[in-house]
Visitor: 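Quick one: the structure is below, and I'll ask about it shortly.
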There are 2 protein chains.
Amino acid sequence: MAAAREPRRDLAAMLVPLGRALTAAELPLLAEHGLSMWAYAVLLRLEAEPLRSQAALAESIGADKTRIIEVLTALESRGLISRTPDPADRRVRLLALTPEGSRVRDAAQSAIQSREDRLLAHYLPPTQRTPFLTALATLSALPPESLTDPDL
Amino acid sequence: MAAAREPRRDLAAMLVPLGRALTAAELPLLAEHGLSMWAYAVLLRLEAEPLRSQAALAESIGADKTRIIEVLTALESRGLISRTPDPADRRVRLLALTPEGSRVRDAAQSAIQSREDRLLAHYLPPTQRTPFLTALATLSALPPESLTDPDL
DNA sequence: TATTGTTATACTCTATAACTATA
DNA sequence: TATAGTTATAGAGTATAACAATA
């Protein structure tokens, strides 16, 4: 007979609702900084490295190039990002955070993360907190193919 | 000066894409059993306890009562669930898993979880696996109000 | 001809409102 | 009248297709 498997809920069945609930809880924090979730995602992405096309940006944050345009337009008109044609190839846009954009992003992220820190501190035993965050970071850093791999 | 905060990505920014990727990777497994994600969610929910109204079921799995109807109809016509009017109040439906429904659910869940187990075994150090699962279970079991609590 | 960004269109998913049948 | 379930309609979010500018 097969080895007994300790019963647990499916990973996805835990991750997805938790992610949704957390997102919903954090939207008001973003709103205080005038940011939608997509706008915030853009600001976070531009933090990592300056980007050389809107399509590349869209793909890297899981959006698509058509629906990110109005987000970029709004951010640009607020002065949070700059969007200039690449002199080398004027079809593509160079996207960068402005100092003000950097400030707003940091303020928003600080609000988000300090709330998350309180949440973790309040509900998770200290011994689980670091392993949880480390494991989550590991899994979320996996390329999507890792999860789809049929040989897994 | 404020204490240095070890930089990390936002919790939600890790949870949501991971949940999506995992869901996408698992959809084909469900499809092999003829199940959509919502149908699977229904079967899982009916496992826990027999339910006494479609609206209650819908709410408990994060759907709404209108869009769950066709899912229930399909499951019923396949003989995976029974849907009978409550004799005490013929407006409400009593929802229960049939033996065949239980069989299909177990088969699907077994496929899902054994894949998840392989994923965890492959990418997570053994010392992190249990703490990760335990912490995730804890957080996902929190009532949504816990996350929204302004006093947190 | 191919590609970036944009605009326009279609589609899917979800939410709201109206309807029926019971109570 | 009020509620469970259903059906019909509307809306938001997303994806697809067509277009203009540049290469």
Side-chain angles (χ1 to χ4, degrees), chain A residues 12-13 16-17 19-21 23-24 26-28 30-31 35-42 45-46 49-77 81-96 144, chain B residues 12-13 16-17 19-21 23-24 26-28 30-31 35-42 45-46 49-77 81-96 144:
Chain A
V16 172
R20 275 192 198 142
T23 299
E26 291 177 351
L27 275 178
L30 292 178
L35 297 175
S36 69
M37 194 53 79
W38 282 120
Y40 182 57
V42 167
R45 183 61 186 80
L46 289 185
E49 73 192 54
L51 261 183
R52 205 197 150 271
S53 108
Q54 299 183 176
L57 168 64
E59 200 208 327
S60 78
I61 64 173
D64 79 33
K65 61 173 186 173
T66 66
R67 69 183 204 250
I68 210 182
I69 291 176
E70 60 182 340
V71 176
L72 295 178
T73 303
L75 287 173
E76 184 185 26
S77 73
I81 67 171
S82 65
R83 180 162 58 156
T84 59
D86 183 346
D89 181 344
R90 298 217 309 278
R91 291 175 303 181
V92 329
R93 303 283 178 273
L94 299 177
L95 303 164
Chain B
V16 171
R20 273 192 200 142
T23 299
E26 292 178 350
L27 275 178
L30 292 178
L35 297 175
S36 68
M37 194 53 81
W38 281 120
Y40 182 57
V42 166
R45 182 62 185 81
L46 290 183
E49 73 192 53
L51 261 184
R52 202 197 151 273
S53 109
Q54 298 183 179
L57 167 64
E59 201 210 326
S60 79
I61 63 174
D64 80 32
K65 62 173 185 172
T66 67
R67 68 183 204 249
I68 210 182
I69 291 176
E70 61 183 340
V71 176
L72 295 178
T73 303
L75 287 173
E76 186 185 23
S77 73
I81 67 170
S82 65
R83 181 163 57 157
T84 58
D86 182 346
D89 181 344
R90 299 217 308 277
R91 291 174 303 183
V92 330
R93 303 283 179 272
L94 299 177
L95 303 164

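Computed from a predicted model, the values in this text were never measured in an experiment.
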Visitor: Roughly, in whole Å, what's the span from CG in L94(A) to C1' in dT4(C)?
Guide: 12 Å
Visitor: Is there a side-chain polar atom (N or O) of W38(B) under 4.0 Å from OP1 or OP2 of dT14(C)?
Guide: yes
Visitor: Can you tell me if R93(B) touches the phosphate of dT3(D), counting only side-chain N or O atoms and a distance under 4.0 Å to OP1 or OP2?
Guide: no
Visitor: Report each atom pair, protein N/O against N/O of nucleotides 19-23 of chain C, whose distance is under 3.5 angstrom.
Guide:
residue: dA23(C); atom: OP1; partner: R90(B); partner atom: N; Å: 3.2

Visitor: Compare the minimum distances between each of dG5(D), dG5(C), dT6(C) and the side chain of A55(A), then state the nucleotide with the smallest one.
Guide: dG5(C)
Visitor: To the nearest Å, give me how far apart CE (M37(B)) and C1' (dT12(C)) are.
Guide: 17 Å
Visitor: Report yes if the side chains of D89(B) and R52(B) come closer than 4.5 Å at any heavy-atom pair, otherwise no.
Guide: yes
Visitor: Testing the basics here: between A24(A) and P28(A), what is the closest heavy-atom pair and its distance to 0.1 Å?
Guide: O-CD, 3.3 Å
Visitor: Heavy atoms only, 4.0 Å cut-off, all strands: where does R52(B) land among base, sugar-phosphate and nothing?
Guide: nothing
Visitor: Nearest 0.5 Å, what's the CD-CG distance between E70(B) and L75(B)?
Guide: 11.0 Å
Visitor: Output the distance between atom CD1 (I68(B)) and atom CZ (R45(B)), rounded to the nearest 0.5 Å.
Guide: 10.5 Å
Visitor: Quickly work out the E59(B) CD to dT14(C) C1' distance and round it to whole Å.
Guide: 16 Å
Visitor: Could you pick out which residue, V92(A) or R20(A), lies toward the 5' side of DNA chain C when each is mapped onto its nearest nucleotide?
Guide: V92(A)
Visitor: Between E26(B) and Y40(B), is there a side-chain heavy-atom distance shorter than 4.5 Å?
Guide: no
Visitor: I need the R83(A) CZ to L51(A) CG distance, nearest 0.5 Å.
Guide: 13.5 Å
Visitor: Could you check which residues of residues 64-74 of chain A get a heavy atom under 4.0 Å from DNA chain D? Sort them by number, please.
Guide: D64(A), T66(A), R67(A)
Visitor: Minimum heavy-atom separation for S77(B) to A74(B), with atom names?
Guide: OG-O, 3.0 Å
Visitor: Between atom CZ of R93(B) and atom CG of L57(B), what is the distance when rounded to the nearest 0.5 Å?
Guide: 13.5 Å
Visitor: Return the OG to NZ distance between S53(A) and K65(A), rounded to the nearest 0.5 Å.
Guide: 9.0 Å
